[in-house]
Amino acid sequence: MLELTKLNHHQLEAVTAPEGPILVVAGAGTGKTRVLTTRIAYLIDHMGYDNNKILAITFTNKAANEMRTRVFNMVNNVYVPWIGTYHATCLKILKEDIQYIGRKNNFSVIDDEDQLSILRDIYKRGGLTQKDMKPKKALEVIEKVKMNDIQLNAINSLDKAKELGIYKFDELKNVKYVNQMYNQRLLSANLLDFNDLLLLAYKLLSEHGEVRKKWQTMFDYILVDEFQDTNELQFNILNLLINQEKKNVFVVGDPDQTIYTWRGAYPNIFKDYLVEYKQTKTYVLDLNYRSSQNILKVANSLISHNSDRIDKVLVTDNGEGNNVVFYKGDSDYHESNFITKQIVSLTKNKSYDYKDIVILYRAKYLSRSVEQELINNNIPYYVFGAVRFYQRREIKDLVAYLKLLTNPTDELSLKRVLNVPTRGIGNTTMDNITKYANDNHISFAEAFYLTNRSDFDPPWQKPAIIQFIKLIDSLISLTKDKTIAESVQLIIKAINYEDHIKSLELAEERLENIDEFIKSITEFETKHNTHSVEEFLHEISLYTDSDDNTIKNKDAVSLMTIHYAKGTEAKVVFIIGMNEGIFPSIKMNRENDIEEERRIAYVGITRSMEKLYLTCNVGFSPISTSTLTVSRFIKDVGHKNLREEISEMIPISDADLSWYSSKEIKTFEDNYNETVIEFKVGDTIAHTIFGSGVVISINGDMLDVAFKAPFGVKSLIKNHKAIKRLKN
DNA sequence: GTGTTGAGTATTTTT
DNA sequence: TACTCAACAC
C-alpha cells in the first residue's frame with residue numbers, strides 16, 4: 001500500500017489533486033521530488049493509470065533514473081518507461097516517426113565534441129583557421145541561429161550581427177559559410193545535434209496531425225519537474241503532447257531557481273502556463289525540510305534583492321543550526337587551504353564523511369586550486385561533469401568502431417578511427433581522398449571505400465587503406481551473432497587497442513574505463529534484454545553523466561558547478577569564489593543577468609542541510625589581472641547573518657610553493673612590479689622558475705636569494721615580476 | 001608519415 | 001597549469 005502518511009498537509013493535497021492541469025510551486029528543499037514521485041505512484045496505485053502511459057519530464061538523465069527507481073520501489077516493482085529529459089523523450093518520438101518529415105530513422109545523435117570536429121573539418125576545407133574565428137564561438141553562433149530561427153543570410157549589417165557576438169564583416173561572412181556547411185553536413189550524414197532533437201520533434205508534432213494525435217493518446221498523464229527551466233520550444237512541444245481534452249498535466253517548479261535563461265528558460269513561463277491552462281489548480285509548498293534556519297535566513301535575504309519575482313519566504317521547523325561562515329583569504333591558495341582544513345576537522349572525529357561534503361562553484365575552471373589542495377592533503381574527491389564518461393577518448397574510439405560496424409559510411413566515426421591506432425593513414429592520405437571526393441562529388445566515405453580503383457594516386461598509400469577496409473569487413477562478419485559486449489572485446493583485440501592505450505598517458509585509468517564501459521554494456525543488455533547495437537547507441541547518445549554506480553559507493557568529497565548541483569543536497573556545502581567578476585560572473589551582458597546570477601547563488605546556498613561556507617579571496621585574478629574584491633552577494637546576504645573567519649598566516653610547503661608561485665606571478669602585466677616590494681633578510685619568496693627561496697642579503701635594488709638545488713644562490717632585481725613575497 | 005617540442009593563449013553555465 | 005598548433009627532426 002502506498003505510504004502517504006509521511007507527507008505534510010500541503011504535499012498531500014498536491015499528490016492527491018484531482019485530474020486536470022496542476023501547478024505546484026515548490027521552494028527549494030520543500031519535498032518537490034517526493035511530491036512528484038508520490039504523485040506518479042498515486043496515479044498508478046489509486047487512480048488506475050497505466051504505468052506505460054505516463055510521461056514524466058526531468059531535467060537530467062540522472063534525475064530520470066532516480067525517479068524511476070523511486071517509483072519502482074514505491075508501487076510493487078512497477079516500471080515506468082517514459083521518464084526522461086525533453087531531449088530523450090524527443091529522441092524516442094523521432095526514432096519512431098521521423099520519416100513523416102522526410103528523414104530516415106537510422107540517424108545518430110552527435111554531442112558537442114562531434115560538432116566541433118565537424119566544424120574543424122569545415123574550417124580545413126574552407127581554408128579557415130581558428131584565427132578567423134574560434135570553432136567554439138562559431139558553434140555558439142550556429143546554435144543561437146538555429147534555436148532562434150534567425151535567417152543568418154539576411155543579416156548584412158554589423159549592427160544586427162552584434163547580437164550574435166560578431167563585430168567584423170569577415171567574421172560574418174565566415175560564420176555564414178560555416179553555418180551553411182554545418183547544417184548541410186548534418187543532413188547528408190543523417191546526424192542530429194541536441195537542438196535538432198527538439199526542433200524536429202516540434203516540426204513533426206506540429207505539422208502532422210495524425211502523429212500528434214497518436215502521441216496524445218499515447219500519454220494519459222504528463223508530469224514535468226524543474227518546470228522553471230523549460231524554454232519556449234520545450235513548452236510548445238509539451239503543449240503538443242498534452243491531450244487537449246483532458247489536459248492532464250502536473251508541473252512542479254520554483255521561479256527562484258530559474259538558472260537556464262541562457263538556454264531560453266524564462267521565469268514568466270508560470271504565467272504562460274496559467275494562461276494556457278485556465279482551470280489550473282495551484283499548490284504552494286514553502287515548508288523547507290532540508291536546511292537549518294540560519295541557512296534559510298541567508299538564502300531568503302539574498303533572493304529578496306531580486307526585484308523581478310513573486311515574494312516568497314521559505315520557512316522551516318528545523319533548528320537554528322550552525323552559523324553560516326564567510327571566509328576571505330589573501331589568495332586562492334589561502335582560500336583552498338582554509339577549505340581543506342575545514343574538511344579535515346569536519347571529518348576527523350567521524351562527525352561527517354567525505355561524501356557529506358560538496359564544493360560548489362560558478363564556473364568549472366575554479367575547481368583547480370581546490371583540487372590541488374585536496375590532493376596535497378590526501379582527501380579523496382570526485383569532480384562531476386569534468387570529462388564525461390562517454391566523452392573520454394578511449395570510450396569515443398570504441399563507440400566510433402561500433403558505429404562504423406553498423407554503418408560503414410558514418411563519416412564522422414570513420415575519420416575518427418581510421419588512424420587509431422596509427423596505421424599509416426595520415427593527413428596527406430586523407431587530403432588526397434577528400435580531394436577525390438570533392439572532385440567527383442561523392443562523400444568522403446564513398447571515396448574512401450573506392451581506394452582499390454586503378455587511378456588512385458599515389459599508389460603507395462593504398463595498402464594501408466585496403467587493409468583497414470578488410471579489417472572493418474572482417475569485424476562486421478565476426479561480430480554478427482555476438483552480443484554488444486563481446487563485439488567490443490573483439491574490436492579491442494583485433495586492433496590491438498590495449499597496446500595503443502598503454503602508449504598514452506593515464507593508461508591505467510583508461511584501461512579501467514574500458515572495463516567499466518564493457519560492464520555498462522552488459523548491464524544495458526540484461527536490463528533491456530536486447531543485443532541491438534543501434535538501441536545501445538541511442539541510449540548512450542544522451543547519457544552524459546559519468547556512471548553513477550562507480551561514484552555512489554565511494555566516500556569522496558564532491559566538486560561541481562552549481563548548475564550541475566541542481567536537485568541535489570548535502571550536509572556540508574562550500575561555495576567558493578564569492579568574488580565580483582567570478583560570482584556574479586563578469587560575462588553578464590544583459591541588465592537582468594544579475595538577477596539570474598543571484599538565483600544561481602540561491603540555488604547553491606539552498607543545497608546545504610547543516611553547514612554552509614561562503615569563501616572568496618582577494619588575491620590576483622587570472623581573468624581581470626587585478627585584485628579581486630568580495631562579491632556583492634555577501635552584502636546582499638548581510639554580515640549579521642554570517643560569521644566571518646579571518647585569513648590565517650599559512651606556512652607554505654615547497655610542494656605548495658611551486659604550484660602557487662607559477663600560478664600567481666604570471667598575471668602581472670609587465671616584467672616589473674610598479675611598486676617596489678620592501679624585502680628583508682629572511683623573507684621567503686616565490687620565483688616562477690627557481691621555486692621557493694630565502695632572501696640572504698640585499699644590495700640596493702638587488703637581492704641575493706638562496707634557492708634549492710640545483711639553482712643555488714641567485715642575484716635578482718627586486719621588483720622583477722617573477723618574484724613574489726610570501727607570508728611567513 | 002609520425003612524434004616531439006616550444007610558443008602562445010585561455011576561462012560561464014549544459015541537454 | 002593545460003591545451004592547441006605550427007615547425008622540425010627522424
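Convention: sequence-line order gives letters A, B, ...; per-chain numbering from 1.
- Side chain A:R263 to base B:dT13: no donor-acceptor pair is found below 3.5 Å.
- Under the stacking criterion of a centre-to-centre distance below 5.5 angstrom and an interplanar angle below 30°, A:Y260 is not stacked against the six-membered ring of B:dT13.
- The interatomic distance linking A:Y365 (OH) with B:dT11 (C1') rounds to 6 Å, in whole Å.
- One finds a salt bridge joining A:K124 and A:D431 here, because a Lys/Arg side-chain nitrogen approaches an Asp/Glu carboxylate oxygen to under 4.0 Å.
- Within 6.0 Å of NZ in A:K203 there are 12 or fewer heavy atoms belonging to other residues, nucleotides or ligands.
- Between A:F468 and A:F448, the ring-plane angle classifies as perpendicular under the 30° and 60° cut-offs.
- Counting non-hydrogen atoms under 4.0 angstrom, A:I425 reaches the backbone sugars and phosphates but no base.
- Distance from the side chain of A:K134 is smallest to B:dA10 among B:dT15, B:dA10, B:dT14.
- Looking at heavy-atom distances under 4.0 Å, A:Q234 makes no contact with the nucleic acid at all.
- Within 4.0 Å (heavy atoms only), A:T129 reaches no atom of the nucleic acid at all.
- A donor-acceptor contact under 3.5 angstrom links the side chains of A:D112 and A:Q391, judged on distance only.
- No salt bridge links A:E597 with A:R632; every basic N to acidic carboxylate O contact stays at or beyond 4.0 Å.
- Rounded to a whole Å, the NZ atom of A:K137 is 16 Å from the C1' atom of B:dT12.
- Atom pair A:D112:CG and B:dT12:P shows a separation of 15 Å (rounding to whole Å applied).
- Side-chain nitrogen and oxygen atoms of A:T561 include at least one within less than 4.0 Å of the OP1 or OP2 phosphate oxygen of B:dT14.
- When each of B:dT12, B:dT14, B:dT2 is scored by its nearest atom to the side-chain atoms of A:T422, the top-ranked nucleotide is B:dT2.
- Counting to the nearest Å, the P atom of B:dG3 and the CZ atom of A:R423 are 13 Å from each other.
- The interatomic distance linking A:R368 (CZ) with B:dA10 (P) rounds to 14 Å, in whole Å.
- Place A:G424 and A:F59 on DNA chain B by their nearest nucleotides, and A:G424 ends up nearer the 5' end.
- For the pair A:Y564 OH and B:dT14 C1', the interatomic distance rounds to 10 Å; values are reported in whole Å.
- Here the nucleotide nearest the side chain of A:N419, chosen from B:dT2, B:dT11, B:dT15, is B:dT2.
- In this structure, A:D431 atom CG and B:dT2 atom P are separated by 12 Å, rounded to whole Å.
- Taking atom CD of A:Q391 as the reference point, atom P of B:dT15 lies 10 Å away to the nearest angstrom.
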